[in-house]
Amino acid sequence: MARFITHFQSAIDPSIELPADQLQTMHDNRPLWSRYDLDGVAGAMSKSVLAARRPDMWRYRELLPVGDEIEPVSLNKFMSPMIKCSRLAEQSGVRHLWIKDESQLPTCSFKCRGLSLAVTMARHFGQTRIAMASNGNAGGAMAMYAARGGIESVCFMPHDTPVANRSECYFAGAKLFETNGLIDQSGKRIREGHDRGLWFDISTLKEPYRLEGKKTMGLELAEQFDWKLPDVILYPTGGGTALIAMWKAFKELEEMGFLESQTMPRMYAVQSDGCCPLVTAFDNGDRFAKRHENACTIASGIRVPTALGDFMVLDTLRESGGAALAVEESRLREWQKTVASAEGVMICPEAATCIGALEKLLAEKVIDPKERIVIINTAAAQKYFGDAPQVPFIDLSEPTDWAAFEAEHF
Ligand SMILES: Cc1ncc(COP(=O)(O)O)c(C=O)c1O
(Lines give C-alpha, C1' and ligand atoms only; values in the text may rest on other atoms or scores of the structure.)
Protein backbone atom coordinates (compact mmCIF):
# COMPACT_ATOMS: atom_id res chain seq x y z
CA MET A 1 0.00 0.00 0.00
CA ALA A 2 1.23 3.44 -0.85
CA ARG A 3 1.43 6.17 1.78
CA PHE A 4 -0.90 9.02 0.97
CA ILE A 5 0.35 11.56 3.48
CA THR A 6 2.08 14.34 1.53
CA HIS A 7 3.34 16.72 4.24
CA PHE A 8 2.63 18.46 7.54
CA GLN A 9 1.37 22.02 7.66
CA SER A 10 1.53 24.56 10.47
CA ALA A 11 -1.90 25.02 12.04
CA ILE A 12 -1.29 28.75 12.44
CA ASP A 13 0.57 29.53 9.20
CA PRO A 14 -0.51 27.33 6.24
CA SER A 15 2.49 28.49 4.17
CA ILE A 16 4.80 26.46 6.42
CA GLU A 17 5.14 22.86 5.28
CA LEU A 18 7.27 20.07 6.78
CA PRO A 19 8.20 16.66 5.35
CA ALA A 20 6.12 13.59 6.21
CA ASP A 21 9.01 11.13 6.19
CA GLN A 22 10.65 12.56 9.31
CA LEU A 23 9.49 12.49 12.93
CA GLN A 24 7.70 15.78 13.55
CA THR A 25 6.73 17.64 16.70
CA MET A 26 5.46 21.25 16.34
CA HIS A 27 6.56 24.29 14.38
CA ASP A 28 7.30 27.41 16.40
CA ASN A 29 5.46 25.86 19.37
CA ARG A 30 2.27 25.50 17.34
CA PRO A 31 0.59 22.21 16.32
CA LEU A 32 0.79 20.68 12.84
CA TRP A 33 -1.88 19.32 10.49
CA SER A 34 -1.19 16.15 8.49
CA ARG A 35 -2.07 16.61 4.81
CA TYR A 36 -2.92 13.85 2.31
CA ASP A 37 -3.36 13.24 -1.39
CA LEU A 38 -7.12 12.86 -0.94
CA ASP A 39 -7.78 11.93 -4.59
CA GLY A 40 -5.30 9.10 -4.16
CA VAL A 41 -6.99 8.02 -0.92
CA ALA A 42 -10.44 8.07 -2.56
CA GLY A 43 -9.10 5.82 -5.33
CA ALA A 44 -7.60 3.27 -2.93
CA MET A 45 -10.10 3.29 -0.07
CA SER A 46 -13.52 2.95 -1.69
CA LYS A 47 -16.59 2.24 0.43
CA SER A 48 -16.68 -1.36 -0.79
CA VAL A 49 -12.98 -1.86 0.04
CA LEU A 50 -13.70 -0.52 3.52
CA ALA A 51 -16.70 -2.77 4.02
CA ALA A 52 -14.47 -5.85 3.60
CA ARG A 53 -11.88 -4.74 6.17
CA ARG A 54 -11.43 -5.70 9.82
CA PRO A 55 -13.44 -3.54 12.24
CA ASP A 56 -10.60 -1.54 13.80
CA MET A 57 -9.06 1.89 13.35
CA TRP A 58 -6.48 0.60 10.86
CA ARG A 59 -9.27 0.06 8.33
CA TYR A 60 -8.80 3.76 7.52
CA ARG A 61 -5.02 3.43 7.08
CA GLU A 62 -4.91 5.43 3.83
CA LEU A 63 -6.08 8.43 5.90
CA LEU A 64 -3.36 7.86 8.50
CA PRO A 65 0.34 8.71 8.23
CA VAL A 66 1.29 5.04 7.91
CA GLY A 67 2.10 2.77 4.98
CA ASP A 68 2.83 -0.92 4.69
CA GLU A 69 6.32 -0.54 6.06
CA ILE A 70 5.04 0.73 9.41
CA GLU A 71 3.82 -1.95 11.79
CA PRO A 72 0.92 -0.71 13.96
CA VAL A 73 1.11 -0.96 17.74
CA SER A 74 -2.43 -2.17 18.22
CA LEU A 75 -4.63 -3.79 20.88
CA ASN A 76 -8.05 -3.96 19.29
CA LYS A 77 -10.04 -5.41 16.48
CA PHE A 78 -13.13 -3.48 17.34
CA MET A 79 -15.10 -0.34 16.49
CA SER A 80 -16.81 1.47 19.36
CA PRO A 81 -20.60 0.99 19.23
CA MET A 82 -23.10 3.69 18.29
CA ILE A 83 -25.89 3.08 20.80
CA LYS A 84 -29.36 4.32 19.90
CA CYS A 85 -30.91 5.79 23.08
CA SER A 86 -34.68 5.92 22.55
CA ARG A 87 -35.72 6.15 26.20
CA LEU A 88 -33.19 8.87 26.98
CA ALA A 89 -34.30 10.67 23.80
CA GLU A 90 -37.92 10.59 24.91
CA GLN A 91 -37.01 11.82 28.41
CA SER A 92 -34.92 14.62 26.90
CA GLY A 93 -37.60 15.62 24.40
CA VAL A 94 -35.76 14.71 21.19
CA ARG A 95 -36.43 12.13 18.47
CA HIS A 96 -33.01 10.75 17.55
CA LEU A 97 -30.22 10.38 20.06
CA TRP A 98 -27.15 8.16 20.04
CA ILE A 99 -24.19 7.66 22.35
CA LYS A 100 -20.94 6.69 20.67
CA ASP A 101 -19.52 4.55 23.43
CA GLU A 102 -15.76 4.86 23.50
CA SER A 103 -15.66 3.27 26.96
CA GLN A 104 -15.66 -0.11 25.20
CA LEU A 105 -12.20 0.37 23.66
CA PRO A 106 -9.18 -1.54 25.11
CA THR A 107 -8.12 0.93 27.81
CA CYS A 108 -11.75 1.95 28.37
CA SER A 109 -11.41 5.40 26.80
CA PHE A 110 -11.15 7.12 23.41
CA LYS A 111 -7.49 7.87 24.19
CA CYS A 112 -6.58 4.46 22.71
CA ARG A 113 -6.99 5.83 19.21
CA GLY A 114 -4.47 8.64 19.43
CA LEU A 115 -2.00 6.74 21.54
CA SER A 116 -2.03 3.68 19.32
CA LEU A 117 -0.90 5.88 16.43
CA ALA A 118 1.46 8.11 18.43
CA VAL A 119 3.29 5.09 19.86
CA THR A 120 3.36 3.45 16.41
CA MET A 121 5.00 6.51 14.84
CA ALA A 122 7.40 7.27 17.71
CA ARG A 123 8.61 3.67 17.65
CA HIS A 124 8.86 3.66 13.85
CA PHE A 125 11.12 6.72 14.00
CA GLY A 126 13.38 5.04 16.57
CA GLN A 127 12.16 6.61 19.83
CA THR A 128 12.66 4.34 22.82
CA ARG A 129 11.21 6.57 25.58
CA ILE A 130 8.05 8.66 25.29
CA ALA A 131 6.48 10.99 27.85
CA MET A 132 3.44 13.14 28.47
CA ALA A 133 1.56 15.28 30.95
CA SER A 134 -1.88 13.73 31.43
CA ASN A 135 -5.11 14.08 33.35
CA GLY A 136 -5.36 10.30 33.45
CA ASN A 137 -6.86 8.43 30.53
CA ALA A 138 -4.21 9.47 28.01
CA GLY A 139 -1.43 8.54 30.43
CA GLY A 140 -3.01 5.13 31.03
CA ALA A 141 -3.38 4.51 27.29
CA MET A 142 0.19 5.66 26.62
CA ALA A 143 1.47 3.26 29.27
CA MET A 144 -0.42 0.32 27.76
CA TYR A 145 0.51 0.99 24.13
CA ALA A 146 4.14 1.68 25.06
CA ALA A 147 4.22 -1.68 26.86
CA ARG A 148 2.63 -3.31 23.83
CA GLY A 149 5.17 -1.67 21.53
CA GLY A 150 8.11 -2.51 23.78
CA ILE A 151 9.22 1.05 24.58
CA GLU A 152 9.48 3.04 27.82
CA SER A 153 6.94 5.63 28.94
CA VAL A 154 6.95 8.42 31.51
CA CYS A 155 3.89 10.29 32.79
CA PHE A 156 3.28 13.38 34.98
CA MET A 157 -0.24 13.40 36.49
CA PRO A 158 -1.94 15.64 39.09
CA HIS A 159 -1.88 13.96 42.53
CA ASP A 160 -5.70 13.66 42.57
CA THR A 161 -5.95 11.80 39.24
CA PRO A 162 -8.35 8.80 39.45
CA VAL A 163 -6.80 5.67 40.97
CA ALA A 164 -7.64 3.62 37.86
CA ASN A 165 -5.46 5.82 35.64
CA ARG A 166 -2.54 5.76 38.05
CA SER A 167 -2.90 1.98 38.33
CA GLU A 168 -2.79 1.58 34.55
CA CYS A 169 0.61 3.28 34.52
CA TYR A 170 1.83 1.25 37.48
CA PHE A 171 0.82 -2.12 36.03
CA ALA A 172 2.16 -1.31 32.56
CA GLY A 173 5.53 -0.39 34.03
CA ALA A 174 5.42 3.28 33.08
CA LYS A 175 7.43 5.73 35.20
CA LEU A 176 4.62 7.69 36.86
CA PHE A 177 5.16 10.97 38.74
CA GLU A 178 2.45 12.81 40.70
CA THR A 179 2.48 16.61 40.58
CA ASN A 180 0.99 19.40 42.64
CA GLY A 181 -0.17 21.36 39.61
CA LEU A 182 -2.48 21.01 36.62
CA ILE A 183 -1.87 19.52 33.18
CA ASP A 184 -0.69 22.75 31.51
CA GLN A 185 1.95 23.26 34.21
CA SER A 186 3.18 19.64 33.99
CA GLY A 187 3.19 19.97 30.21
CA LYS A 188 5.89 22.66 30.46
CA ARG A 189 8.11 20.34 32.52
CA ILE A 190 7.63 17.45 30.12
CA ARG A 191 8.72 19.79 27.33
CA GLU A 192 11.86 20.72 29.26
CA GLY A 193 12.69 17.00 29.51
CA HIS A 194 12.06 16.65 25.76
CA ASP A 195 14.37 19.58 25.01
CA ARG A 196 17.09 17.91 27.11
CA GLY A 197 16.74 14.77 24.97
CA LEU A 198 15.47 12.74 27.95
CA TRP A 199 12.36 11.54 26.10
CA PHE A 200 10.03 12.25 23.15
CA ASP A 201 7.06 14.41 24.19
CA ILE A 202 3.72 13.02 22.99
CA SER A 203 1.53 15.38 25.07
CA THR A 204 -1.65 16.73 23.45
CA LEU A 205 -0.92 18.30 20.04
CA LYS A 206 2.84 18.45 20.69
CA GLU A 207 3.27 15.94 17.88
CA PRO A 208 0.89 15.54 14.91
CA TYR A 209 0.15 11.79 15.10
CA ARG A 210 -2.23 11.54 18.06
CA LEU A 211 -4.63 13.88 16.29
CA GLU A 212 -4.70 11.57 13.27
CA GLY A 213 -5.40 8.54 15.47
CA LYS A 214 -8.31 10.36 17.08
CA LYS A 215 -9.58 11.23 13.62
CA THR A 216 -10.66 7.59 13.28
CA MET A 217 -13.47 8.35 15.74
CA GLY A 218 -14.98 10.74 13.17
CA LEU A 219 -14.35 8.33 10.28
CA GLU A 220 -15.99 5.52 12.19
CA LEU A 221 -18.93 7.71 13.16
CA ALA A 222 -19.47 8.67 9.51
CA GLU A 223 -19.31 5.04 8.39
CA GLN A 224 -21.71 3.95 11.17
CA PHE A 225 -24.19 6.56 9.86
CA ASP A 226 -23.79 5.27 6.29
CA TRP A 227 -21.92 8.47 5.40
CA LYS A 228 -24.94 10.67 6.26
CA LEU A 229 -23.60 12.71 9.15
CA PRO A 230 -25.77 13.65 12.16
CA ASP A 231 -26.92 17.25 12.70
CA VAL A 232 -25.35 17.78 16.12
CA ILE A 233 -22.31 16.39 17.94
CA LEU A 234 -21.89 17.10 21.65
CA TYR A 235 -18.33 16.57 22.84
CA PRO A 236 -16.87 16.98 26.38
CA THR A 237 -13.90 19.21 25.71
CA GLY A 238 -10.60 19.67 27.50
CA GLY A 239 -7.73 20.11 25.06
CA GLY A 240 -10.25 19.60 22.27
CA THR A 241 -8.17 17.22 20.17
CA ALA A 242 -10.95 14.80 19.36
CA LEU A 243 -13.33 17.60 18.40
CA ILE A 244 -10.76 19.04 16.02
CA ALA A 245 -9.96 15.54 14.77
CA MET A 246 -13.59 14.60 14.07
CA TRP A 247 -14.07 17.80 12.09
CA LYS A 248 -10.87 17.10 10.13
CA ALA A 249 -12.23 13.62 9.35
CA PHE A 250 -15.52 15.05 8.08
CA LYS A 251 -13.76 17.66 5.90
CA GLU A 252 -11.47 15.04 4.38
CA LEU A 253 -14.42 12.73 3.65
CA GLU A 254 -16.29 15.66 2.10
CA GLU A 255 -13.32 16.45 -0.14
CA MET A 256 -13.08 12.78 -1.14
CA GLY A 257 -16.75 12.81 -2.18
CA PHE A 258 -17.66 10.19 0.46
CA LEU A 259 -20.44 12.06 2.26
CA GLU A 260 -24.06 11.53 1.37
CA SER A 261 -25.41 14.20 3.73
CA GLN A 262 -26.04 17.72 2.42
CA THR A 263 -24.92 19.40 5.63
CA MET A 264 -22.10 19.03 8.12
CA PRO A 265 -22.80 18.54 11.86
CA ARG A 266 -22.73 21.48 14.23
CA MET A 267 -19.96 20.76 16.73
CA TYR A 268 -20.52 21.72 20.39
CA ALA A 269 -17.64 21.84 22.88
CA VAL A 270 -19.06 21.19 26.32
CA GLN A 271 -17.19 22.12 29.51
CA SER A 272 -17.94 22.18 33.24
CA ASP A 273 -18.45 25.63 34.75
CA GLY A 274 -15.57 24.65 37.04
CA CYS A 275 -13.16 24.84 34.07
CA CYS A 276 -14.40 26.54 30.91
CA PRO A 277 -11.69 28.63 29.22
CA LEU A 278 -12.97 27.82 25.72
CA VAL A 279 -16.49 28.94 26.60
CA THR A 280 -15.21 32.29 27.85
CA ALA A 281 -13.18 32.75 24.66
CA PHE A 282 -16.08 31.68 22.43
CA ASP A 283 -18.48 34.07 24.15
CA ASN A 284 -15.96 36.93 23.89
CA GLY A 285 -15.39 36.27 20.19
CA ASP A 286 -11.69 35.53 20.85
CA ARG A 287 -9.54 33.13 18.82
CA PHE A 288 -7.24 32.30 21.75
CA ALA A 289 -8.38 31.45 25.29
CA LYS A 290 -7.13 32.84 28.59
CA ARG A 291 -6.16 30.46 31.40
CA HIS A 292 -9.05 29.39 33.66
CA GLU A 293 -7.61 30.00 37.13
CA ASN A 294 -8.48 27.62 40.00
CA ALA A 295 -9.88 25.05 37.59
CA CYS A 296 -11.90 22.49 39.51
CA THR A 297 -14.05 19.61 38.25
CA ILE A 298 -14.55 15.92 39.05
CA ALA A 299 -14.45 15.36 35.28
CA SER A 300 -10.67 15.16 35.39
CA GLY A 301 -10.23 14.72 31.63
CA ILE A 302 -11.65 18.17 30.95
CA ARG A 303 -9.74 19.92 33.74
CA VAL A 304 -7.59 21.73 31.19
CA PRO A 305 -7.03 25.39 32.13
CA THR A 306 -5.15 26.25 28.90
CA ALA A 307 -5.23 24.30 25.65
CA LEU A 308 -2.47 24.47 23.05
CA GLY A 309 -5.07 23.92 20.32
CA ASP A 310 -7.55 26.52 21.64
CA PHE A 311 -7.63 28.36 18.30
CA MET A 312 -8.17 25.08 16.42
CA VAL A 313 -11.18 24.23 18.61
CA LEU A 314 -12.64 27.74 18.40
CA ASP A 315 -12.15 27.85 14.60
CA THR A 316 -13.92 24.48 14.29
CA LEU A 317 -16.88 25.53 16.42
CA ARG A 318 -17.37 28.70 14.39
CA GLU A 319 -16.90 27.03 11.02
CA SER A 320 -19.38 24.26 11.88
CA GLY A 321 -22.00 26.67 13.26
CA GLY A 322 -21.76 25.16 16.75
CA ALA A 323 -20.69 26.73 20.03
CA ALA A 324 -18.89 26.22 23.33
CA LEU A 325 -21.03 25.99 26.42
CA ALA A 326 -20.57 25.40 30.13
CA VAL A 327 -22.87 23.36 32.37
CA GLU A 328 -23.18 23.07 36.15
CA GLU A 329 -20.43 21.05 37.82
CA SER A 330 -22.83 20.28 40.68
CA ARG A 331 -25.13 18.25 38.36
CA LEU A 332 -22.61 15.88 36.75
CA ARG A 333 -23.49 12.90 38.95
CA GLU A 334 -27.21 13.49 38.38
CA TRP A 335 -26.70 13.40 34.59
CA GLN A 336 -24.59 10.22 34.83
CA LYS A 337 -27.49 8.65 36.71
CA THR A 338 -30.02 9.91 34.16
CA VAL A 339 -28.25 8.03 31.36
CA ALA A 340 -27.44 4.85 33.28
CA SER A 341 -30.99 4.51 34.63
CA ALA A 342 -32.59 5.23 31.25
CA GLU A 343 -30.31 3.16 29.04
CA GLY A 344 -27.98 0.97 31.11
CA VAL A 345 -25.02 2.91 29.71
CA MET A 346 -22.54 4.24 32.27
CA ILE A 347 -21.12 7.49 30.96
CA CYS A 348 -18.08 9.20 32.47
CA PRO A 349 -18.42 12.55 34.28
CA GLU A 350 -16.89 14.31 31.26
CA ALA A 351 -19.63 12.99 28.95
CA ALA A 352 -22.28 13.82 31.57
CA THR A 353 -21.70 17.48 30.67
CA CYS A 354 -23.29 16.70 27.30
CA ILE A 355 -26.61 15.80 28.94
CA GLY A 356 -26.62 19.24 30.56
CA ALA A 357 -25.72 20.77 27.22
CA LEU A 358 -28.58 18.99 25.48
CA GLU A 359 -31.00 20.29 28.12
CA LYS A 360 -29.66 23.83 27.69
CA LEU A 361 -29.56 23.86 23.87
CA LEU A 362 -33.12 22.53 23.68
CA ALA A 363 -34.36 25.13 26.17
CA GLU A 364 -32.67 27.86 24.11
CA LYS A 365 -34.16 26.35 20.91
CA VAL A 366 -30.70 26.04 19.41
CA ILE A 367 -31.37 22.34 18.80
CA ASP A 368 -34.54 21.28 17.03
CA PRO A 369 -36.08 18.18 18.67
CA LYS A 370 -36.20 16.50 15.24
CA GLU A 371 -32.43 16.73 14.73
CA ARG A 372 -30.10 13.72 14.86
CA ILE A 373 -27.86 14.11 17.89
CA VAL A 374 -24.73 12.22 18.94
CA ILE A 375 -23.07 12.37 22.36
CA ILE A 376 -19.56 11.01 22.71
CA ASN A 377 -19.00 8.93 25.84
CA THR A 378 -15.25 9.37 26.02
CA ALA A 379 -14.48 6.89 28.83
CA ALA A 380 -15.85 4.28 31.20
CA ALA A 381 -17.45 5.73 34.32
CA GLN A 382 -15.99 2.79 36.23
CA LYS A 383 -12.52 4.36 35.88
CA TYR A 384 -13.59 7.15 38.26
CA PHE A 385 -15.01 5.14 41.12
CA GLY A 386 -13.45 6.12 44.42
CA ASP A 387 -15.88 6.24 47.32
CA ALA A 388 -18.90 3.94 47.08
CA PRO A 389 -22.29 5.70 46.84
CA GLN A 390 -24.23 5.88 50.14
CA VAL A 391 -26.93 3.18 50.32
CA PRO A 392 -29.08 1.77 53.18
CA PHE A 393 -27.51 -0.84 55.49
CA ILE A 394 -28.97 -4.30 56.30
CA ASP A 395 -27.91 -5.82 59.63
CA LEU A 396 -27.78 -9.59 58.98
CA SER A 397 -27.32 -10.40 62.66
CA GLU A 398 -30.98 -9.41 63.22
CA PRO A 399 -34.07 -10.88 61.44
CA THR A 400 -35.47 -8.65 58.68
CA ASP A 401 -38.73 -6.89 59.50
CA TRP A 402 -40.16 -7.25 56.00
CA ALA A 403 -43.17 -5.01 56.58
CA ALA A 404 -40.91 -2.17 57.70
CA PHE A 405 -38.46 -2.93 54.91
CA GLU A 406 -41.17 -2.79 52.26
CA ALA A 407 -42.71 0.36 53.71
CA GLU A 408 -39.36 2.13 53.79
CA HIS A 409 -37.91 1.15 50.46
CA PHE A 410 -40.72 0.40 48.01
C1 LIG B 1 -12.75 11.00 29.53
C2 LIG B 1 -12.24 12.19 28.81
N3 LIG B 1 -13.12 12.96 28.15
C4 LIG B 1 -12.73 14.05 27.47
C5 LIG B 1 -11.40 14.44 27.45
C6 LIG B 1 -11.01 15.66 26.69
O7 LIG B 1 -10.30 15.32 25.55
P8 LIG B 1 -9.86 16.38 24.47
O9 LIG B 1 -8.42 16.65 24.69
O10 LIG B 1 -10.09 15.74 23.14
O11 LIG B 1 -10.70 17.58 24.67
C12 LIG B 1 -10.44 13.65 28.12
C13 LIG B 1 -9.03 14.01 28.12
O14 LIG B 1 -8.23 13.67 28.96
C15 LIG B 1 -10.87 12.50 28.81
O16 LIG B 1 -10.02 11.70 29.46
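Order of listing sets the numbers, starting from 1, for every ligand and every atom in it.
- When the heavy atoms of Ser300, Ala141, Gly240 are ranked by distance to atom 11 (O) of ligand 1, first place goes to Gly240.
- Put simply, the side chain of Asp226 does not reach to within 4.5 Å of the side chain of Glu260, judged on heavy atoms.
- Here the heavy atom of the protein found nearest to atom 2 (C) of ligand 1 is Thr378 OG1, 3.4 Å.
- For Phe282 and Tyr268, the gap between ring centers reaches or exceeds 6.0 Å.
- The shortest N or O to N or O distance between Glu350 and ligand 1 is not under 3.5 Å.
- Nearest protein heavy-atom neighbour of atom 7 (O) of ligand 1: Tyr235 OH, 3.2 Å.
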Side chain to side chain donor-acceptor pair (under 3.5 Å) between Ser272 and Glu329, worked out: CA-CA 5 Å; Ser272 153; Glu329 172 70 19; 2.6 Å; yes
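- Looking only at protein heavy atoms, the nearest one to atom 16 (O) of ligand 1 is Asn137 ND2, 2.9 Å.
- Among the atoms of Leu243, none of the N or O lies under 3.5 angstrom from an N or O of ligand 1.
- Distances between N or O atoms of Ala242 and those of ligand 1 include at least one value under 3.5 Å.
- With a 6.0 Å radius and a threshold of 12 heavy atoms from other residues, nucleotides or ligands, Lys47 has its NZ atom above the threshold.
- The single protein non-hydrogen atom nearest to atom 13 (C) of ligand 1 is Lys111 NZ, 2.9 Å, given as residue, atom name and distance.
- Short contacts between ligand 1 and Pro236, defined as distances under 4.0 Å to a heavy atom of the residue, involve ligand atoms 4 (C), 6 (C).
- Interface of Gly239 with ligand 1, defined as ligand atoms under 4.0 Å from a residue heavy atom, comprises 8 (P), 9 (O), 11 (O).
- Gln271 places a side-chain N or O within donor-acceptor distance of the main-chain N or O of Leu278, the cut-off being under 3.5 Å.
- Under the 3.5 Å distance criterion, the side-chain polar atoms of Asp13 are matched with a main-chain donor or acceptor of Ser15.
- Against a heavy-atom cut-off of under 4.0 Å, Thr237 is close to the following atoms of ligand 1: 11 (O).
- In terms of protein heavy-atom proximity, atom 12 (C) of ligand 1 is nearest to Gly301 O, 3.4 Å.
- Note: Phe177 and Phe156 meet the aromatic proximity criterion, with ring centroids under 6.0 Å apart.
- Annotation: Cys348 places no N or O atom under 3.5 Å from an N or O atom of ligand 1; distance criterion only.
- With ligand atoms numbered from 1 in the order given, ligand 1 contributes 10 (O) to contacts under 4.0 Å with heavy atoms of Lys214.
- At a 3.5 angstrom cut-off on N or O pairs, Ala379 does not count as close to ligand 1.
- Taking NE2 of His7 as the start and CD1 of Ile16 as the end, the distance is 12.0 Å to the nearest 0.5 Å.
- Other residues, nucleotides and ligands place more than 12 heavy atoms under 6.0 Å from the CZ atom of Arg291.
- Counting heavy-atom neighbours within 6.0 Å of Gln262 CD, excluding the residue itself, gives a total of 12 or less.
- Residue-environment remark: CD (Glu255) stays at or below the threshold of 12 foreign heavy atoms within 6.0 Å.
- Residue-to-ligand polar distances place Thr241 within reach of ligand 1: an N/O pair is separated by less than 3.5 Å.
- Applying the 4.0 Å criterion to heavy atoms of Tyr384 picks out, from ligand 1, the atoms 1 (C).
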